[in-house]
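Numbers here simply count residues along the sequence, with the first being 1.
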Amino acid sequence: SCVRVIDRVNEWIGNGVSWLTLLLVLITFYDVMMRYLFRAGSIAIQEAEWHLYALNFMLAGGWTLRHEGHVRVDLLYTRFDKVKKAWIDFLCALGFCIPYCVLVIFAAWPFVHDSWSMWEGSPDPGGLPALYSLKTAIPVNRTTSKVNDFIAAFCKKKIIKKAMNTNSKYPSIFSPQ
């Protein structure tokens, strides 16, 4: 099914990003050693560090959401039962997350397009040449998050519908009364 394919793609992205994290650690270690032991620095290495950090953060967004690893304010949420949590997740996905993702994608599109049209690179001498590729990660991040929000909403809807069929204390918005 489509959900399984998307899950596999997310796992593939998550695994790839985990290797980017290792690469980031190694490059940062190299940079620190070069600067403090040999007094030799490189703008390209420093930019590679923040490029990898940004890619790590942006590309892992969908994977983190899928594994429920994102930050929540759990003051009340942890006290709720599975169905109430499903309602909250469902309504938040539809009411906040998906509209936010759409807004960021549309707002980022001209930004990314302009960057690609001028083959934007680093403004610093000796910096990395392909800044446009990094900016492309912004709409990619929000697209993967939006797809995962749809999947999460669908899964939560299934939990809610199952509870409707077995327990009448929860009102249904999915089936007529």
**Student:** Which Ile, Leu, Val, Met, Phe, Trp or Tyr residues join Ile43 in one cluster when any pair of side-chain heavy atoms under 4.5 Å counts as a link?
**Tutor:** none

**Student:** Using side chain to side chain contact (heavy atoms under 4.5 Å, CB included) as the criterion, list what pairs up with Ala54, not counting sequence neighbours.
**Tutor:** Met58, Leu134

**Student:** Spell out, yes or no, whether Leu103 and Leu94 are grouped together once hydrophobic residues are joined by side-chain heavy atoms under 4.5 Å, including indirect joins.
**Tutor:**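 Not linked; separate clusters.
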
**Student:** Can you pull the side-chain hydrogen bond (donor to acceptor under 3.5 Å, both in side chains) pairs that have at least one residue in residues 99-115, sequence neighbours excluded?
**Tutor:** Ser115-Glu120

**Student:** Who pairs with Asn56 by side chain to side chain donor-acceptor pair (under 3.5 Å), at least two apart in sequence or on another chain?
**Tutor:**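 Side chain to side chain donor-acceptor pair (under 3.5 Å) list for Asn56, sorted by chain: Thr21.
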
**Student:** The criterion is side chain to side chain contact (heavy atoms under 4.5 Å, CB included); which residues satisfy it with Lys85, sequence neighbours excluded?
**Tutor:** Tyr77, Phe80

**Student:** Per the side-chain hydrogen bond (donor to acceptor under 3.5 Å, both in side chains) rule, what does the pair list look like for residues 43-53, sequence neighbours excluded?
**Tutor:**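 The answer is Glu47-Ser122.
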
**Student:** Could you pull out the closest heavy-atom pair between Val17 and Ala60, with the gap in Å?
**Tutor:** CG1-CB, 3.8 Å

**Student:** Can you tell me how far the SG atom of Cys97 sits from the CG atom of Asp89, to the nearest 0.5 Å?
**Tutor:**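 Going from SG on Cys97 over to CG on Asp89, the span is 9.0 Å.
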
**Student:** How far apart are the closest heavy atoms of Pro99 and Gly95, and which atoms are they?
**Tutor:**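 Shortest heavy-atom separation between Pro99 and Gly95 comes out as CG-O, 3.5 Å.
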
**Student:** Mind jotting down which residue pairs meet the salt bridge (charged side-chain N to carboxylate O under 4.0 Å, His left out) criterion with at least one end in residues 14-29? Sequence neighbours excluded, please.
**Tutor:** none

**Student:** Do Val112 and Tyr132 touch side chain to side chain, with heavy atoms closer than 4.5 Å?
**Tutor:**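 The answer is no; the side chains never approach within 4.5 Å.
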
**Student:** So if you build clusters from Ile, Leu, Val, Met, Phe, Trp, Tyr with side-chain heavy-atom gaps below 4.5 Å, do Phe57 and Leu131 land together?
**Tutor:**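 In one cluster: yes.
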
**Student:** Quick check: do His67 and Glu11 have side-chain heavy atoms less than 4.5 Å from each other?
**Tutor:**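 Touching, per the 4.5 Å side-chain cut-off.
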
**Student:** Between Asp124 (side chain) and Gly127 (backbone), is there a donor-acceptor pair under 3.5 Å?
**Tutor:** no

**Student:** Flag yes if Leu59 and Phe111 sit in one hydrophobic cluster, no otherwise; membership is Ile, Leu, Val, Met, Phe, Trp, Tyr, and two members link when side-chain heavy atoms are under 4.5 Å apart.
**Tutor:**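 Yes: a chain of side-chain contacts under 4.5 Å links Leu59 to Phe111.
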
**Student:** Under 4.5 Å side-chain heavy-atom separation, chaining through any Ile, Leu, Val, Met, Phe, Trp or Tyr, what else clusters with Trp19? Say none if it is isolated.
**Tutor:** Leu22, Leu26

**Student:** In Å, rounded to the nearest 0.5 Å, how long is the span from SG of Cys92 to CH2 of Trp87?
**Tutor:** 12.5 Å

**Student:** Can you list the residues that meet the side chain to side chain donor-acceptor pair (under 3.5 Å) rule with Trp116, with sequence neighbours excluded?
**Tutor:** Thr136

**Student:** So which pairs with a foot in residues 26-41 pass side-chain hydrogen bond (donor to acceptor under 3.5 Å, both in side chains), sequence neighbours left out?
**Tutor:**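 Qualifying pairs, neighbours excluded: Asp31-Arg35.
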
**Student:** Mind checking whether Val147 and Trp63 sit in one hydrophobic cluster, side chains of I, L, V, M, F, W, Y counted as touching below 4.5 Å?
**Tutor:**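 No; tracing contacts between hydrophobic side chains, which count when under 4.5 Å, never links both residues.
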
**Student:** For Thr143, give me all partners under side chain to side chain contact (heavy atoms under 4.5 Å, CB included), at least two apart in sequence or on another chain.
**Tutor:**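 Expected list: Ile105.
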
**Student:** Are Leu52 and Ile13 in one and the same hydrophobic cluster, where Ile, Leu, Val, Met, Phe, Trp and Tyr link if side-chain heavy atoms are under 4.5 Å apart?
**Tutor:**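 Both belong to a single hydrophobic cluster.
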
